[in-house]
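Reckoned from all heavy atoms, side chains included, excluding hydrogens, waters and symmetry mates. Quick note on labels: first sequence line is chain A, next is B, and so on, each numbered from 1. Worth saying up front: this structure is predicted, and the values here are computed from it rather than measured.
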Protein chains: 2
Amino acid sequence: MIRLLIADDHPVVRAGLRALFATEPDLHVVGEAATGENAVEQSRTGVDIVLMDLQFGGGMQGAEATRRIREAPGAPHVLVLTNYDTDADILGAVEAGASGYLLKDAPPVELIAAVRSAASGESALAPAVAGRLEARQNSANEALTSREAEVLGLVADGRSNRDIARTLFLSEATVKSHLVHIFTKLQVSSRTAAVASARERGYIRPA
Amino acid sequence: MIRLLIADDHPVVRAGLRALFATEPDLHVVGEAATGENAVEQSRTGVDIVLMDLQFGGGMQGAEATRRIREAPGAPHVLVLTNYDTDADILGAVEAGASGYLLKDAPPVELIAAVRSAASGESALAPAVAGRLEARQNSANEALTSREAEVLGLVADGRSNRDIARTLFLSEATVKSHLVHIFTKLQVSSRTAAVASARERGYIRPA
DNA sequence: GACGGCATCCATCGATAGTTCGAGGTGCCG
DNA sequence: CGGCACCTCGAACTATCGATGGATGCCGTC
């Protein structure tokens, strides 16, 4: 018997997961949480698996909640279930101690299988997700330095090179220099393409 | 008796909606569609309300599907049910002929109420959404034309003016002209700033 | 039908961004 | 200490962008 805790701020999604697991005799949904804080609390009450959404309307986010849940001794496994497969999200979740990462549009069969493997201690990464993680490892050399990320962040806000230079107390030449490195690492050739690429890869917050 | 068609590419969400409406004796889910195309087909089979997601994994998107559904004589009402409340999405859905616009994190009660009002021909906009629409009307002077939005979308993907020109079969000069109008309306002075501003205002998809 | 308003289209020219070299300074690590 | 990675800057050059100004056609109004 596997006891499940569902943590998602969407009532509809919670109902869907509940309905889905109702068809499996050995899976029992023993709790629902609509916030990250609530999920952490309920995870202490004797559950085997936490199904965790990464996005919550407000307050603690899924990654942080996952970290807190995993801190406790004998903590349940956390299976992250989210909409997006951006690298930043995935990496954040895995670093926080998630045993698996699934997308919400995954077929039910896959979802149920993932719960069972997580319960037996195995890692369960959706194939598409696993591929991305691997790709990221292979191209880890193209990670931006903190200074480059800082510059890129300002570029994403629509600031000009001169403007960025003044903000960071640099010469315009230095800003351009950083940009050249950014372009190379992201394999693009303009600032707007760099921003687009960075968004895709999850280097920049979506909104 | 109200017959419902659920159109969403997430199995979990479909199950959740089904479970949710199962508690209401007068609401009957008579079909599910996982694609926009499928939703259009099934809408002809005698349903009263279509619950439509805007985002689909591939193929026809929700707005286009809504438009096609509403084209038919005696077409069912379409209730858009989505994750985001960006202006672009809302306006697109309403223009396509949606009777209502709800967010997926809305409480079930609100959702069920919306279905009933839509069935009786009323318009059902979530309060938060209605506010945004009104705000948009007030500042309607800065609304982008469809051509401008098209250009801006390509700019946000990091494409160059020449590239955009070729894609839209225009001269580069025309693309620049559209950009000038976009800049004026958004009160910015560079393409990256335009993209940043458009994101803030919800003219562009978050991810 | 003359009119203004608007969306779409185009061309020229100064301003900005990006390239390509160069180089000096720092801090870290084996 | 000698590499190495990172941050910093300059200067000259080219490509692209953005500003300015003008053209067309469509639509609704009076």
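Between B:Arg147 and the phosphate of C:dC9, there is a side-chain N or O to OP1/OP2 separation shorter than 4.0 Å. OP1 or OP2 of C:dT16 has not a single side-chain nitrogen or oxygen of A:Ser160 nearer than 4.0 Å. When the side-chain nitrogen and oxygen atoms of A:Ser190 are compared with OP1 and OP2 of D:dT16, none of them lie within a distance under 4.0 Å. Under 4.0 angstrom from either OP1 or OP2 of D:dT16 there lies no side-chain N or O belonging to B:Asn161. OP1 or OP2 of C:dA7 has not a single side-chain nitrogen or oxygen of B:His178 nearer than 4.0 Å.
Counting non-hydrogen atoms under 4.0 angstrom, A:Thr174 reaches a base of the nucleic acid. Contacts of A:Ser177 with the nucleic acid, taken as non-hydrogen atoms under 4.0 Å apart, include base atoms.
Rounded to an integer number of Å, the gap from B:Glu150 CD to C:dT8 C1' is 12 Å. Atom P of nucleotide D:dT20 and atom CZ of B:Phe183 are separated by 13 Å, given to the nearest angstrom. For the pair B:Leu179 CG and D:dC17 C1', the interatomic distance rounds to 9 Å; values are reported in whole Å. In this entry the distance linking NZ of A:Lys176 with C1' of C:dT19 reads 9 Å, nearest Å. Nucleotide C:dC6 holds its P atom 11 Å from the NE2 atom of B:His181, rounded to whole Å. Across the protein-nucleic acid pair, B:Arg191 atom CZ and D:dT16 atom P stand 11 Å apart, rounded to whole Å. At whole-Å resolution of the value, CG in A:Leu144 and C1' in D:dC6 are 13 Å apart. Rounded to an integer number of Å, the gap from B:Leu168 CG to C:dT8 P is 11 Å.
Distances were taken from every side-chain heavy atom of A:Leu170 (C-beta onward) to each of D:dT8, D:dC7, C:dT19; the shortest belongs to D:dT8. The side chain of A:Val180 has C:dT19 as its nearest neighbour among D:dC7, C:dT19, D:dT20. Ranking C:dA11, D:dC17, D:dG18 by closeness to the B:Glu172 side chain, first place goes to D:dC17.
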Requested in this report: Take A:Glu172 and A:Arg166 through the salt bridge (Lys or Arg N to Asp or Glu O under 4.0 Å) test and state the conclusion after the steps.
Outcome: CA-CA 8 Å; A:Glu172 204 176 326; A:Arg166 278 197 284 251; over 6 Å; no
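A:Arg199 and B:Asp157 are not joined by a salt bridge, as no carboxylate oxygen comes within less than 4.0 angstrom of a charged side-chain nitrogen.
The CD atom of A:Glu37 lies 8.5 Å from the CZ atom of A:Phe56; values are rounded to the nearest 0.5 Å.
The only option from B:Val175, B:Asp163, B:Thr167, B:Asn161 that meets the side chain to side chain contact (heavy atoms under 4.5 Å, CB included) definition with B:Leu154 turns out to be B:Thr167.
Within a 6.0 Å radius of CZ in A:Arg44, more than 12 heavy atoms belonging to other residues, nucleotides or ligands are found.
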